[in-house]
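Have a look at the structure below before the remarks.
Positions are given from 1, in the same order as the sequence printed here.
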Amino acid sequence: MLGHPVRSVLREARLLRRALCTVAGQQTPRCGVSAKKWTQPAGFDTGVKTFNSLTQQKEPLVVAREGVATWYSCGPTVYDHAHLGHACSYVRFDILQRVLSRLFGITVVQAMVITDIDDKIIKRGWEENASPTIIARMYEEEFKRDMLSLKVIPPAVYLRVTENVHHVVAFIEGIIKNGHAYATEEGDVYFDIRSIGDRYGKFAGAVDSHGEPGSSNKRDSRDFALWKKSKPQEPYWESPWGRGRPGWHIECSTIASCVFGSQLDIHSGGIDLAFPHHENEVAQSEAYHQCGQWANYFLHSGHLHLKGSAEKMSKSLKNYITIKDFLQSYSANEFRMFCLMTKYRSGIDYSDNNMSEARTSMGTISTFLHDAQAYMRGQLQCSPVHEASLWERLAETKSSVVKALADDFDTQRAIGAVMNLVHHGNRQLQPVSTADGVARSPAVFGAMVSYMREVLDMFGIDLLQSKQAEVASGSGNLQSVVEQLTHFRSEVRAVALAHQNDPATASLRNPLLKACDTIRKDLAPLGVLIKDRGATSTWEITEGNRDRLNRESKVKDRRRPAEVGLWL
């Protein structure tokens with residue numbers, strides 16, 4: 001298991017930390033405690049240090065229950081297609097959760113809200129002459145399909161706002177009862193910022209905030225809506241303050257509390273949500289629960305930018321690429337590699353060049369795995385391998401990956417360590433024409449292949465599943481054709497090379513070798529890479545061309561029988 005290198009030290013570190021916390025008086029905040037300063041929670045030390053937006057620095061990740069992390073994610077507002085900006089955030093946090101689970105043995109219990117009532121959804125309904133419910137359901141299902149296509153593990157539960165309005169009303173009533181909210185004559189309800197004193201302003205942006213627009217009867221311009229009176233022809237729900245609907249911020253606090261209660265380990269979202277959304281979530285949640293620290297860690301992902309633009313990718317700016325359109329050109333594996341190559345907190349530039357770099361990295365790994373397997377099968381003849389050096393490199397890589405991921409989930413450094421291992425492995429796979437009597441070292445390459453598959457699978461890159469899918473689809477037939485073609489070419493080439501010193505056969509030998517080279521070059525642009533390894537040859541279909549080959553195969557299968565013959 002990937003987590004073995006760290007498990008042996010976790011318990012000692014946890015006991016030491018508990019002892020230090022006891023001495024320093026650091027305890028979990030209790031109900032009624034009023035504090036703006038973050039307090040490290042007591043509980044189970046995961047062995048990870050993560051950047052906490054509440055403190056703007058790395059903190060030990062301590063969860064309340066041993067082996068379990070409660071995690072709330074802000075979900076989509078379902079009024080339009082999901083785009084790559086959304087994909088980047090959700091894929092990045094999916095990777096973090098996979099790492100916590102697979103490497104550090106933490107079961108992640110995630111809940112996500114679906115905002116299915118909102119001004120934008122209502123507006124889209126008017127534009128499309130459809131009910132807001134139909135608009136929301138359509139884009140919700142599309143979002144879920146997009147996430148599955150990107151191999152994002154679904155949360156333990158999705159919750160819709162419209163199905164939890166009664167909980168929202170009760171939550172607002174609790175905040176009013178505790179003296180932190182008020183209703184206006186118009187039927188709106190606002191959170192009272194002044195009632196919590198200087199505790200408002202835990203995230204950057206709050207200090208100079210002038211608040212959101214609303215009723216002129218607000219006590220403070222920063223006060224934000226918990227309940228909004230419905231306008232004519234808008235959807236509404238009954239409440240003690242009249243017909244209306246929830247404000248944006250209250251839905252997350254309510255639903256997270258319904259699932260996890262008064263204490264949450266981790267809250268995640270894009271960096272643009274830190275203020276005002278997460279700021280307001282914290283204020284109203286702590287006001288409702290009467291506690292000093294509702295969510296212990298806030299993790300924020302960086303924006304996705306189009307190359308050369310300072311603006312984030314967003315629907316409002318009309319500068320987005322839908323996930324469905326993106327997957328016509330690139331694979332989910334390649335997008336994950338693209339995300340892995342930067343830290344989750346960093347902004348990330350989307351461009352064809354950066355995607356090509358991710359595709360190249362995927363290709364480099366795939367090629368090494370293919371070559372290593374060819375060597376293990378005896379199809380690739382090599383010079384003697386420095387086996388001890390490779391075992392040492394493998395051990396160093398395992399240690400480096402654990403250290404990188406324990407340091408704020410540094411996937412950039414972890415992938416760098418894996419690519420370095422690939423580099424050293426490739427240096428040892430130097431083909432020779434003959435290797436009779438040379439000692440072979442297949443076991444070390446087997447260990448490297450197994451480890452790389454395990455790491456990639458942890459990141460959500462499943463090369464084995466991709467190959468199984470190809471076999472199940474029409475491209476499995478294409479692979480069989482390529483296999484037979486490569487075998488035939490290898491036999492022709494072997495015969496020609498066997499007579500390379502015979503002048504009498506030059507007139508026949510040279511055209512055969514030229515034909516072998518020509519077919520190898522002609523297949524390369526189609527994504528079929530044939531590599532001559534001395535007297536033998538290996539082949540592979542590159543990652544970037546698999547989806548295209550699958551699509552071509554499906555088109556071929558849909559043709560009439562007579563056309564299939566012409567196609568072939």
Side-chain angles (χ1 to χ4, degrees), residues 27-39 41 54 72 74 113 161 164-203 205-230 236-264 267 273-296 298:
Q27 297 179 355
T28 304
R30 295 168 297 176
C31 290
V33 175
S34 177
K36 186 174 180 179
K37 185 177 180 181
W38 182 80
T39 303
L54 289 168
Y72 179 79
C74 290
V113 69
V161 173
N164 288 274
V165 175
H166 58 296
H167 291 305
V168 172
V169 170
F171 202 87
I172 295 172
E173 288 180 310
I175 296 175
I176 293 175
K177 180 180 178 181
N178 291 335
H180 298 292
Y182 57 92
T184 66
E185 294 180 357
E186 296 92 342
D188 299 314
V189 179
Y190 288 95
F191 186 85
D192 187 354
I193 294 290
R194 295 178 184 175
S195 71
I196 61 173
D198 65 353
R199 293 183 61 200
Y200 191 78
K202 297 189 177 185
F203 296 106
V207 177
D208 300 322
S209 169
H210 298 291
E212 56 189 38
S215 170
S216 58
N217 292 329
K218 290 200 298 182
R219 297 175 183 174
D220 189 298
S221 62
R222 299 172 299 167
D223 293 352
F224 54 89
L226 303 180
W227 186 260
K228 301 166 68 173
K229 178 183 178 181
S230 289
Y236 64 83
W237 287 261
E238 299 292 346
S239 80
W241 318 286
R243 293 176 173 178
R245 54 191 172 87
W248 176 33
H249 314 297
I250 194 67
E251 63 188 42
C252 287
S253 292
T254 299
I255 291 175
S257 296
C258 285
V259 177
F260 300 120
S262 62
Q263 190 68 64
L264 177 65
H267 195 313
L273 296 178
F275 186 86
H277 186 50
H278 291 162
E279 183 73 54
N280 293 346
E281 274 190 66
V282 170
Q284 62 201 8
S285 297
E286 293 179 356
Y288 175 84
H289 294 295
Q290 290 289 281
C291 63
Q293 193 162 291
W294 168 60
N296 288 326
F298 273 85

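Panel note: side chain E286, backbone W294; a donor-acceptor pair is recorded below 3.5 Å. Between the side chain of E251 and the backbone N or O of V168 there is no donor-acceptor pair closer than 3.5 Å. Looking only at distances, no side-chain donor or acceptor of Q263 sits under 3.5 Å from a matching main-chain atom of F260. No donor-acceptor pair closer than 3.5 Å links the side chain of D223 to the backbone N or O of D192. Under the 3.5 Å distance criterion, the side-chain polar atoms of T184 are matched with a main-chain donor or acceptor of D188.
Here the CD atom belonging to E238 is positioned 15.5 Å from the NE2 atom belonging to H166, to the nearest 0.5 angstrom. Between the OG atom of S239 and the NZ atom of K229 there is a distance of 11.0 Å, given to the nearest 0.5 Å. To the nearest 0.5 angstrom, W248 atom CH2 is 14.0 Å from L226 atom CG. Atom CD1 in I193 sits 11.5 Å away from atom CZ in R199 (nearest 0.5 Å).
Scanning both residues, K228 and G247, for their nearest heavy atoms gives CD-CA, 4.1 Å. Summarising the geometry of H289 relative to S257, their closest heavy-atom pair is NE2-OG, 2.9 Å, with the distance given to 0.1 Å. Residue I176 comes nearest to A181 through the heavy atom pair CG1-CB, 3.7 Å, listed as atom of the first residue, atom of the second, then distance. Scanning both residues, H180 and N178, for their nearest heavy atoms gives CD2-O, 3.3 Å. When every heavy atom of S285 is checked against every heavy atom of S253, the shortest pair comes out as OG-OG, 2.8 Å.
Residues T254 and H167 have side chains that never bring a donor and an acceptor to within less than 3.5 angstrom of each other. Side-chain atoms of N217 and Y190 include no donor-acceptor pair closer than 3.5 Å.
Residues satisfying the side chain to side chain donor-acceptor pair (under 3.5 Å) test with N164, not counting sequence neighbours, are none. For V165, the side-chain contact (heavy atoms from CB on, under 4.5 Å) partners are V169, W227, W237, P246, not counting sequence neighbours. Residues meeting the ring-ring contact (aromatic ring centres under 6.0 Å, His included) test with Y288, sequence neighbours left out: F171. Judged as a side chain to side chain donor-acceptor pair (under 3.5 Å), and not counting sequence neighbours, the contacts of R194 are D220. In this view, H277 and H249, E281 satisfy the side chain to side chain donor-acceptor pair (under 3.5 Å) rule, not counting sequence neighbours. Every residue two or more places apart in sequence or in another chain that forms a ring-ring contact (aromatic ring centres under 6.0 Å, His included) with Y72 is listed here: H267.
Between F191 and F224, the angle of the ring planes stays under 30°, which puts this pair in the parallel group of the 30/60° scheme.
Of the listed residues (I175, I250, I172), just one forms a side-chain contact (heavy atoms from CB on, under 4.5 Å) with V189, and that residue is I172.
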### Query
Stepwise, does the side-chain contact (heavy atoms from CB on, under 4.5 Å) test hold for C74 with C252?
CA-CA 7 Å; C74 290; C252 287; 4.0 Å; yes
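For the pair V161 and V113, the minimum side-chain heavy-atom distance is below 4.5 Å.
In this structure, Y182 places its OH atom where more than 12 heavy-atom neighbours from other residues, nucleotides or ligands lie under 6.0 Å away.
Between K202 and E279 there is no salt bridge, since no side-chain N of the basic residue sits under 4.0 Å from a carboxylate O of the acidic one.
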